[in-house]
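Contents: one structure, followed by commentary.
Count residues from 1 along the sequence. Both backbone and side-chain heavy atoms feed into the values below; hydrogens, waters and symmetry mates do not.
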Amino acid sequence: DGSIMGTIFVDKVDPQSGTSLEIGSSGDTISVPSGATINLSNATQTGVGGVNTPAFAMRGSGSLQTVTDNTFTKAQLNNADIDTDSACDTTTNYRFTVPSGKAGKYFICASLNAYTATNDQQLFDGLIYKNGSSIASNLWQYSTAANAGRHNAYSQSIVVDLAAGDYIELYGRISGGSTEKFRRDDRSMLLSGYRIIG
């Protein structure tokens with residue numbers, strides 16, 4: 001059949017004409033043996049691997065955000081340090097929305113700090129919302145005002161399936177304290193994430 005079995009020893013293989021080089025045919029398996037290294041560090045890679053985008057990192061800044069007692073309140077994330085796909089709303093809805101064509105599994109993490117003027121904060125609940133409903137939360141609650149604190153911190157991370165148009169927000173709830181606020185300084189109010197599987 002004209003086939004030749006054996007090993008070819010060369011230092012470089014170039015296409016005979018044009019700029020495309022094909023290795024093997026449809027249905028073939030191309031194997032790289034154990035111990036061999038394929039170095040693509042200086043090459044343009046297409047069709048392999050993937051990038052973790054969209055990626056975003058939103059945060060609050062400026063003065064403390066006042067909240068109403070025992071009320072689920074959206075964190076006003078008014079800055080975006082990372083926004084690869086222009087998917088962050090930092091002025092009106094304070095949310096990340098999955099762009100068209102970017103559905104997949106996303107890693108999401110959040111943090112929020114509760115502040116009260118005196119040591120009588122009895123409840124603090126931090127929550128990650130998807131499309132207006134909680135999908136992750138952590139609740140701190142003290143049995144009596146005598147055991148309550150003035151500052152509490154929430155942090156959490158999850159992996160979630162998101163479709164195009166789905167949106168992620170950060171919420172919190174404080175109860176039992178006076179002058180209840182979310183801190184927005186020193187990156188104490190954060191919501192970030194990236195796509196891990198398309």
Problem set entry | Y106 versus P54, closest heavy-atom pair with distance | OH-CD, 3.3 Å
For this session: Look up atom CD in E180 and atom CG in L64, then write down how far apart they are to the nearest 0.5 Å.
Result: 12.5 Å
Problem set entry | Closest approach of I174 to A114 (non-hydrogen atoms, all atoms of both residues) | CD1-CB, 3.6 Å
For this session: Taking the side chain as every heavy atom from C-beta outward, state whether L77 and T90 have any atom pair closer than 4.5 Å.
Result: no
Problem set entry | Nearest-0.5 Å distance that lies between atom CD in E169 and atom CD1 in I128 | 12.0 Å
For this session: Could you tell me whether the side chain of R95 reaches within less than 4.5 Å of the side chain of K74, counting heavy atoms only?
Result: yes
Show me, pair by pair, the donor-acceptor contacts under 3.5 angstrom made by side chains of residues 131-139, not counting sequence neighbours?
from, atom 1, to, atom 2, distance (Å)
N131, OD1, Y167, N, 2.9
N131, ND2, D166, OD1, 2.9

For this session: To the nearest 0.5 Å, tell me how far Y171 OH sits from F182 CZ.
Result: 10.0 Å
Exercise. Just wondering, do N78 and S61 contact through their side chains at under 4.5 Å, heavy atoms?
Worked result: yes
Problem set entry | Pairing residues for D81 by the salt bridge (charged side-chain N to carboxylate O under 4.0 Å, His left out) criterion, not counting sequence neighbours | R59, R187
Would you tabulate the side-chain donor-acceptor contacts of residues 21-34 under 3.5 Å, counting partners in other chains and residues two or more places apart, or write 'none'?
from, atom 1, to, atom 2, distance (Å)
D28, OD2, S25, N, 2.7

For this session: Compute the ring centroids of Y194 and F107, then answer whether they are less than 6.0 Å apart.
Result: yes
Exercise. Measuring from M189:CE to L170:CG, what's the distance to the nearest 0.5 Å?
Worked result: 7.0 Å
Exercise. Are side-chain heavy atoms of F124 and L112 found at a separation under 4.5 Å?
Worked result: yes
Problem set entry | Hydrophobic cluster identity match, I108 and M58, side-chain contacts under 4.5 Å | yes
